[in-house]
A.B. asks: 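Quick one: structure below, then a few questions.
Atom set for the values below is all heavy atoms of this structure, side chains included, hydrogens, waters and symmetry mates excluded. First the proteins, then the strands, lettered A, B, ... as listed; each starts at 1.
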Amino acid sequence: MPKQAVSTAIWWIRRDLRLHDNPALQAALRVARTIIPLFILDEAILTHSHERCNAFLFENLRELDIALRERGSRLFIRRGAPLDCLQSIFHESKAQAIFAQQDFSPYAHTRDKAVAAMLPFTLTPGVTIQPPLSIRKKDGNPYTIFTPYARAWREQLPALHLLDAPTHLETPPILFSEPVPSAQPSQLFPAGEQVALQRLHTFLAKQAWDYQHDRDMPGQDSTSLLSPYFHFGVLSSRLAFQQAQTQAQSNKEAAGFHSWINELVWREFYTMILENFPHVVQGAFREQFSRIEWENNEHHFLAWQKGSTGYPLVDAGMRQLQETGWMHNRTRMIVASFLCKDLLINWQWGETFFYENLIDRDLASNNGGWQWSAGTGTDAAPYFRVFNPVTQSKRFDQQGTYIHQWLPELDNIPDKYLHTPWQMPLDVQQDCGCIIGKHYPNPLINHSLARQLALKTYRKVKA
DNA sequence: TAAATGTTGTC
DNA sequence: ACAACATTT
């Protein structure tokens, strides 16, 4: 960080699209009088992400610009390679320092190293609540199991001093900026930090109380729906944690709050894993699982993607993803288990598909979740843990609320066949206007046989 | 953050 | 016959 005050600093915005509790912005404000809020449209990232995800980003940029203008400032947008853009705006504006929030991915590290080599560049924490490398075992090695990690995480948690949004920002009047790209606003995820803060507030006042139980019910409105906001830093995870923690400490019935906080810690855990073991991006965390003999049947993969596997809860999950860019966590686990175990398709195919379709496309969490499901990862479920899509369906979507929400072709089938439509006698199929094999597919595979095959295939590579 | 299968206990 | 519990995958 520059020791003495400078006149102008660039606040390079990446995954911190907010004014509240923003360490990078505050670091810039501590040394500089004039701030240039800059976002760079990096084609290397944009071309690999779904239009819907980019739309969420663009809408949030628009909201950030509005919030900045209310404070006498504005957002500047450039398009191109980050280093090129930074060098030009740095010289055009005669800025003397650049501040950004540190990001954790192989791409981000390469990018940021190149910038630091050429320009006065300072990174601040802020993506996670605690810096990923700050939590280690006594022997200095990183944790690889969640539970002891979470214990250490809680024990060494420092006091969090949240940072207020600035009330006024001074910004140079004349500097080139591209317009904020226009985009289709999302119904499910309206943009802006005020929406995110309000959503957090509502969640903590209502659903969080029963979160421990209700979060497993994909048909209920029981989760916070905050993941896209966390991913782009529209909402500060430190602030969210602190508010949940305050509620947990001031209420006797705090299980729901602790359970939600635990999900925040999972996010920290997988960011830490990615940081310490970047090879997880390439393949299995544990070497022997790169040798699984997958079937990789393209036809099965397509059916999975479209949501036509014949297992209603799996298909409902995939339709929710296709239609909204988001999927409930319970169904994420179920469709992932189905892809890896029932279809014996390489989990990386699923990882890529999720990464391309989720608005909350977080590299670390997505990779961690898939490795967990596939049983190839750090804290993975044992390989023999295979979800039964029918059991899961009956347990977590008993009334079929979620199935009905996403599979209109099953609208009229009798409740007793909702989880197993293929068991409908032909006359019932005709009565309810849902012919299996015509209006809704036959199951792609027989779960019980598929399970046997998965166990056999996994057993071959187990340590 | 599971499910299937086998064993024992109860009627 | 069928829970409840234990073991195996």
A.B. asks: State whether A:D112 and A:R14 are salt-bridged, where the test is any N-O pair (Lys NZ or Arg NE/NH1/NH2 against Asp/Glu carboxylate O) under 4.0 Å.
C.D. replies: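 So A:D112 pairs with A:R14 through a salt bridge.
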A.B. asks: Base, sugar-phosphate or nothing for A:R451? Non-hydrogen atoms, less than 4.0 Å.
C.D. replies: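 It contacts base atoms.
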A.B. asks: To the nearest Å, give me how far apart NE2 (A:H447) and P (C:dT9) are.
C.D. replies: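 It works out to 17 Å between those atoms.
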A.B. asks: Let me know the distance between OH of A:Y458 and P of B:dA2, rounded to the nearest Å.
C.D. replies: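 That distance rounds to 16 Å.
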A.B. asks: Whole-Å distance between B:dA2 P and A:D379 CG?
C.D. replies: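 After rounding, the gap between these two atoms is 13 Å.
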A.B. asks: Whole-Å distance between B:dA4 C1' and A:R385 CZ?
C.D. replies: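 Value for this atom pair: 14 Å.
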A.B. asks: Check the distance between B:dA3's C1' and A:K341's NZ and give it to me in whole angstrom.
C.D. replies: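 Atom NZ in A:K341 sits about 11 Å away from atom C1' in B:dA3.
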A.B. asks: Applying the ring pair (Phe, Tyr, Trp, His ring centres under 6.0 Å) test to A:W153, which of A:F241, A:Y143, A:W266, A:F269 qualifies?
C.D. replies: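 Among the candidates, only A:F241 passes.
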A.B. asks: Is A:N388 near enough to B:dA4 that one of its side-chain N or O atoms lies under 4.0 angstrom from OP1 or OP2?
C.D. replies: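 Indeed, a polar side-chain atom of A:N388 lies that close.
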A.B. asks: Would you mind reading off the distance between A:F338 atom CZ and B:dA2 atom P, rounded to a whole angstrom?
C.D. replies: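 Rounded to whole Å, this separation is 18 Å.
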A.B. asks: Starting at atom NZ of A:K462, determine the distance to atom P of C:dT9, rounded to an integer number of angstrom.
C.D. replies: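 In whole Å, C:dT9 P and A:K462 NZ are 9 Å from each other.
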A.B. asks: Using a strict 4.0 Å threshold on nitrogen-to-oxygen distance, state whether A:D362 and A:R15 make a salt bridge.
C.D. replies: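 Looking at A:R15 together with A:D362, the answer is yes, because their closest N to O distance falls below 4.0 Å.
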A.B. asks: Would a distance-only check, ignoring hydrogens and angles, find a side-chain to backbone donor-acceptor pair under 3.5 Å from A:H328 to A:D216?
C.D. replies: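 Here the side-chain-to-backbone pair does not exist.
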A.B. asks: Rounded to the nearest 0.5 Å, what separates atom CG in A:L226 from atom OG in A:S237?
C.D. replies: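 Spacing of CG (A:L226) from OG (A:S237) equals 11.5 Å.
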A.B. asks: Using a heavy-atom cut-off of under 4.0 Å over every strand shown, decide if A:R215 touches base, sugar-phosphate, or nothing.
C.D. replies: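 Since no nucleic acid heavy atom lies under 4.0 Å of A:R215, the category is nothing.
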A.B. asks: Can you check whether A:R395 has a side-chain N or O nearer than 4.0 Å to OP1 or OP2 of B:dA3?
C.D. replies: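 It does, given that an N or O in the side chain of A:R395 lies less than 4.0 Å from OP1 or OP2 of B:dA3.
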A.B. asks: Check whether any side-chain N or O of A:Q392 sits under 4.0 Å from OP1 or OP2 of B:dA3, and answer yes or no.
C.D. replies: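 Yes, within the criterion.
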A.B. asks: Just compare B:dA3, B:dT1, C:dT9 and give me whichever is closest to any side-chain atom of A:T391.
C.D. replies: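 The nucleotide sitting nearest to the side chain is B:dA3.
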A.B. asks: Could you give the CG-to-P distance, from A:D342 to B:dA3, as a whole number of Å?
C.D. replies: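 About 11 Å, once rounded to whole Å.
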